[in-house]
Amino acid sequence: MGKKLKVFFNEFKEFALKGNVVSMAVGIIIGGAFSALITAFSEDFIQPIINFICGGFADSAWAGCIPLGDSGQALRYGDFLNAVINFVIQAFVLFLIIKGMNKLLDIKKKAEAPAPVKTKTCPYCQSEISLVATRCPHCTSMLSASEVK
């Protein structure tokens, strides 16, 4: 049983230490931290502005809510607006990051010069032949410079 366990852990180690798995894990951790940062920004800076506009200051929740009778429940549309604002900010920043990365990748790719033309088409048999050929090796026709495309 010990040998099977060792093989299993070796396989897991190979999988876990592949570049794409490690990069994905780092991305998830940074994404979670970024999400917390955007949530704090929305709750600490944007929410008080909306609270003031929607009817005064509120300490623990958005000022905007609709009471549902005498049940003590309310539709807290402010919480939904907070989630929407968080989503929009995160989506916009992610868009900017991806757009920047695409530009960097485009800069890294050098524009390859087109390969020089080395062949021409025989006007008689439409075969591809050498650019310097004076006779077509396929149909044996004599070629002049005016006959070649």
Problem set entry | Set of side chain to side chain contact (heavy atoms under 4.5 Å, CB included) partners for Ile97, sequence neighbours left out | Val93, Met101
Problem set entry | In one Ile/Leu/Val/Met/Phe/Trp/Tyr side-chain cluster, 4.5 Å: Ile30, Leu37 | no
Exercise. Got a sec, which residues hit side chain to side chain contact (heavy atoms under 4.5 Å, CB included) with Ile98, two or more places apart in sequence or on another chain?
Worked result: Leu94, Asn102
Exercise. Under 3.5 Å, is there a donor-acceptor pair between the side chain of Lys120 and the main chain of Val132?
Worked result: no
Exercise. Who pairs with Glu128 by side chain to side chain donor-acceptor pair (under 3.5 Å), at least two apart in sequence or on another chain?
Worked result: Thr119
Problem set entry | Nearest-0.5 Å distance, CD of residue Gln90 to OG of residue Ser42 | 9.5 Å
Seminar exercise, completed: Residues His138 and Cys125: closest non-hydrogen pair is CB-SG, 4.1 Å
Exercise. Hey, does Ser127 have a side-chain heavy atom less than 4.5 Å from the side chain of Cys139?
Worked result: no
For this session: Give the minimum heavy-atom separation between Val117 and Leu131, together with the two atoms involved.
Result: O-CD2, 3.5 Å
Exercise. So do the side chains of Leu143 and Ile129 get within less than 4.5 Å of each other, counting heavy atoms only?
Worked result: yes
For this session: Using atom types as modelled and distance alone, determine if a side-chain donor or acceptor of Arg135 lies under 3.5 Å from a backbone N or O of Thr140.
Result: yes
